[in-house]
There are 4 protein chains.
Amino acid sequence: MSPRTPEQYEEIRKHRRRHIMGVALVLFARKGFHSTSISQIAKAAKVSKGLIYNYFDSKDHLLEQLIVHEVQQGPDLLDILAQQTSDPYEQLTLLLDGAFQMIETDLTHWKLMTMLSLQEGIMQRMSSLFRKKVEDGMSTAIRIFERMGVSDPLVEAYLFGASMDGIFLHYLTMRDLDVAYPLAKLKKNLINRYRNHTTSNDEK
Amino acid sequence: MSPRTPEQYEEIRKHRRRHIMGVALVLFARKGFHSTSISQIAKAAKVSKGLIYNYFDSKDHLLEQLIVHEVQQGPDLLDILAQQTSDPYEQLTLLLDGAFQMIETDLTHWKLMTMLSLQEGIMQRMSSLFRKKVEDGMSTAIRIFERMGVSDPLVEAYLFGASMDGIFLHYLTMRDLDVAYPLAKLKKNLINRYRNHTTSNDEK
Amino acid sequence: MSPRTPEQYEEIRKHRRRHIMGVALVLFARKGFHSTSISQIAKAAKVSKGLIYNYFDSKDHLLEQLIVHEVQQGPDLLDILAQQTSDPYEQLTLLLDGAFQMIETDLTHWKLMTMLSLQEGIMQRMSSLFRKKVEDGMSTAIRIFERMGVSDPLVEAYLFGASMDGIFLHYLTMRDLDVAYPLAKLKKNLINRYRNHTTSNDEK
Amino acid sequence: MSPRTPEQYEEIRKHRRRHIMGVALVLFARKGFHSTSISQIAKAAKVSKGLIYNYFDSKDHLLEQLIVHEVQQGPDLLDILAQQTSDPYEQLTLLLDGAFQMIETDLTHWKLMTMLSLQEGIMQRMSSLFRKKVEDGMSTAIRIFERMGVSDPLVEAYLFGASMDGIFLHYLTMRDLDVAYPLAKLKKNLINRYRNHTTSNDEK
DNA sequence: CATGAATGAGATTTCATTCAT
DNA sequence: AATGAATGAAATCTCATTCAT
């Protein structure tokens with residue numbers, strides 16, 4: 001009879017908002033932003049089209065919120081793992097473990113972000129957000145490689161990051177083509193590669 | 001003013017066709033398939049909308065032709081390079097050279113294909129085409145690594161491929177964010193890495 | 001904390017109702033009926049959307065109530081003024097004074113009514129209401145001019161009314177274009193014009 | 001077989017454009033801008049909704065074009081008439097004749113412009129256009145009254161203009177309420193009023 | 001072979017109105 | 001009595017595709 005309290009409304013809004021964003025994330029990641037219509041999102045989320053506009057100003061805004069959430073979300077996997085141990089090799093191992101584990105659970109996020117990053121004009125709007133994120137990640141990785149005594153930690157970090165994303169990319173592609181991809185073996189190989197990396201690239 | 005021969009007409013058609021495909025490739029790669037309209041392609045190609053339908057049944061068909069052309073195009077960079085020398089290390093060096101050179105010229109192709117491969121329902125239709133392409137590339141790479149005496153050539157090939165695509169991906173992303181990316185250094189590092197790879201990952 | 005009496009409730013309702021109508025009037029007059037949404041009215045009135053429907057059946061009904069109120073409101077400025085003095089010239093002066101004073105305070109009402117009267121299908125519904133209002137106003141004005149001895153009191157009344165509304169219309173338009181409008185001078189001129197109007201148009 | 005020449009296309013476009021604008025003008029003037037949908041315009045013009053967007057970027061743009069056309073259209077009725085005779089009284093008579101004749105033919109234009117001028121935010125965009133138009137009209141009128149020896153030509157011009165628009169406004173309103181309006185009599189009265197205006201308001 | 005006007009299906013967006021609380 | 005989340009119909013707008021010329 002009496003109206004809901006502001007807190008209850010707030011709660012409802014938060015839930016619904018998350019729900020819609022979750023559904024949109026999956027659809028955007030699966031079919032791309034432009035090929036996903038608001039109608040499809042509404043149907044998948046079992047809400048009306050109108051409601052989505054109650055929560056987001058526009059389709060673009062919905063995407064933007066999604067991106068912001070994604071970027072703010074990942075509170076630096078690197079940082080967290082780096083604090084669990086001080087041995088850089090172990091840090092790397094943990095990092096790899098984490099990343100390869102994440103690949104299964106969070107592939108949707110990764111896929112969406114990668115798709116968007118390839119599309120002109122979408123990421124640009126939020127480039128500052130990203131630059132920060134990228135720089136933070138890189139500096140952590142660089143520090144690890146520094147302490148491993150790698151000759152050129154910066155390049156090593158770049159290469160490491162590229163390998164990881166390349167593996168993700170191939171994994172995704174292969175999966176869509178129904179071709180097996182030896183994720184586990186690649187992981188083991190990468191770990192081995194850095195086991196006593198201290199000397200691997202320095203003989204020059 | 002003599003009427004053109006059928007052959008000349010044929011030639012003109014082929015030309016036009018290629019021209020339209022080229023323009024479409026660039027636009028698709030830049031803004032994505034769905035965000036590029038036929039009108040935009042027509043305007044960019046300086047032809048009428050109607051003419052495009054004279055050459056392609058539909059927008060989807062245009063994309064399909066683009067993909068087929070791309071796939072058939074690259075007559076295995078790997079193969080070609082592999083024949084220039086028999087020393088596997090040199091082959092790898094040439095391969096890297098070729099790839100890093102291509103990165104500047106053919107990035108558009110790579111970008112489009114990668115975007116499409118992430119988008120559900122587009123590549124699936126042509127999956128057989130791709131599987132073949134991928135398998136061919138892989139087997140060539142595997143052979144190189146085999147002859148270099150790497151312990152697990154298959155995994156090495158996968159990793160190598162992933163690194164390359166990861167580097168491309170990062171390069172593109174960074175470029176869009178106006179951040180410098182040390183392409184040259186990465187290349188040198190990769191070459192060094194394989195210089196005497198024979199022993200690098202085998203100590204286990 | 002004693003429960004409110006039914007009378008108090010009634011009072012509150014009346015108050016709220018008027019408040020909403022007042023806010024709606026301003027918004028309708030400013031942006032037009034169709035460009036003003038119930039949400040905007042609710043926000044401006046600091047009540048919920050639902051509450052508005054508690055007081056008015058629909059947006060159309062709200063407008064209708066507004067019009068009825070407006071029409072019934074003005075209990076004939078003309079009549080009132082006419083009773084303050086018996087000299088027709090003084091009556092006219094008072095009328096002009098009143099009208100030009102009202103122009104600042106009640107412009108919103110005038111604007112809304114004029115907008116609506118230009119819009120097909122809105123006033124028609126209430127045409128009987130209006131006809132009455134117009135006829136009453138006219139007959140009062142006609143009587144004044146009659147007693148001033150004007151040769152054609154009816155036409156004079158029409159012309160007088162038209163001048164007044166024309167001035168309002170121009171004043172509003174100019175104001176929106178940030179152009180000064182000599183309201184005071186026009187008023188003085190009008191008064192002068194009728195000072196010894198007895199003879200002004202009769203020489204024919 | 002062969003495509004139409006650019007000139008033919010240009011002709012088609014011009015015709016259609018005018019046709020759509022004509023239909024839109026009538027509907028906007030009748031029901032107001034916001035209450036008229038593109039669908040209604042399309043249906044009334046017997047074209048598809050899409051075609052309207054082929055000619056106008058948006059509904060707002062259509063309105064804007066309409067306004068620009070209207071404003072540029074009337075190439076100063078005042079100016080034209082002013083040149084037909086040098087006697088200011090005759091000029092005024094011609095002007096009144098012209099205006100009262102126009103009232104029947106061009107009422108739609110007048111109505112639309114008046115409605116729009118009352119609606120905040122529509123005319124503002126084009127305020128410079130209007131200011132110019134208004135100033136031109138006023139200065140011509142002022143010059144006429146100057147030469148008639150009126151004591152305050154500026155105020156007289158304002159009053160004259162206001163009377164005209166007021167008459168139009170009332171005429172329209174009355175017509176919609178199915179009440180007769182003595183247009184002809186008002187015109188005659190106005191003409192008489194200025195016949196020997198030279199002395200009418202100056203006795204003070 | 002070539003053009004671009006025209007269509008119509010479907011996308012995005014708005015908003016009056018309902019309803020559970 | 002009061003709230004604002006939720007709906008759905010209708011509006012604006014886009015664009016692949018057709019077609020007369």
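Residue numbering restarts at 1 for every chain, and letters A, B, ... go by the order of the sequence lines. All values reported here derive from a predicted model rather than from experimental measurement.
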Ordered by number, residues from residues 17-29 of chain B within less than 4.0 Å of DNA chain E (heavy atoms) are none

Counting N and O atoms only, with roles assigned by atom type, does the side chain of D:Gln8 sit under 3.5 Å from a partner on the main chain of D:Thr5, one being a donor and the other an acceptor? yes

Contact class for A:Phe56 (heavy atom, under 4.0 Å): base, sugar-phosphate, or nothing? nothing

Give every residue pair that meets the ring-ring contact (aromatic ring centres under 6.0 Å, His included) criterion with at least one member in residues 9-31 of chain A, sequence neighbours excluded. A:Phe28-A:Phe33

Quick check: closest heavy atoms across C:Ser117 and D:Asp176, and the distance to 0.1 Å? O-OD2, 3.8 Å

For E:dT21 and A:Tyr9 - does any side-chain N or O of the residue sit under 4.0 Å from the phosphate oxygens OP1/OP2? no

The criterion is salt bridge (Lys or Arg N to Asp or Glu O under 4.0 Å); which residues satisfy it with [X], sequence neighbours excluded?
{"X": "B:Arg17", "value": "none"}
{"X": "D:Arg125", "value": "D:Glu64"}
{"X": "D:Glu10", "value": "none"}

Rounded interatomic separation in angstrom, taking [atom1] from [X] and [atom2] from [N]:
{"X": "A:Ile12", "N": "F:dT7", "atom1": "CD1", "atom2": "C1'", "answer": "15 Å"}
{"X": "A:Lys14", "N": "F:dA5", "atom1": "NZ", "atom2": "P", "answer": "14 Å"}
{"X": "C:Lys43", "N": "E:dT14", "atom1": "NZ", "atom2": "P", "answer": "13 Å"}
{"X": "D:Leu62", "N": "F:dA11", "atom1": "CG", "atom2": "P", "answer": "16 Å"}
{"X": "C:His15", "N": "F:dA2", "atom1": "NE2", "atom2": "P", "answer": "13 Å"}
{"X": "B:His61", "N": "F:dT17", "atom1": "NE2", "atom2": "P", "answer": "12 Å"}

Using heavy atoms to find the nearest nucleotide of DNA chain E for B:Arg13 and C:Asp60 separately, return the residue whose nucleotide is more 5′. B:Arg13

Not counting sequence neighbours, list each pair that qualifies as a side chain to side chain donor-acceptor pair (under 3.5 Å) and has a residue in residues 22-41 of chain B. A:His34-B:Ser35, A:Ser35-B:His34, B:Lys31-B:Gln40

DNA chain F: stems of at least 3 consecutive Watson-Crick or G-U pairs, cut-off 3.5 Å? E:2-21 with F:2-21

Going 5' to 3' along nucleotides 7-12 of chain E, which nucleotides have protein heavy atoms under 4.0 Å from the base (write B), which only from the sugar-phosphate (write S), and which from neither (write -)? BB-BSS

Of all residues at least two apart in sequence or in a different chain, which pass the ring pair (Phe, Tyr, Trp, His ring centres under 6.0 Å) check with [X]?
{"X": "B:Tyr55", "value": "none"}
{"X": "B:Tyr53", "value": "none"}
{"X": "A:Phe130", "value": "none"}

Residues which pass side chain to side chain contact (heavy atoms under 4.5 Å, CB included) with C:Lys14, listed by chain and number, not counting sequence neighbours: C:Glu11, C:Arg18

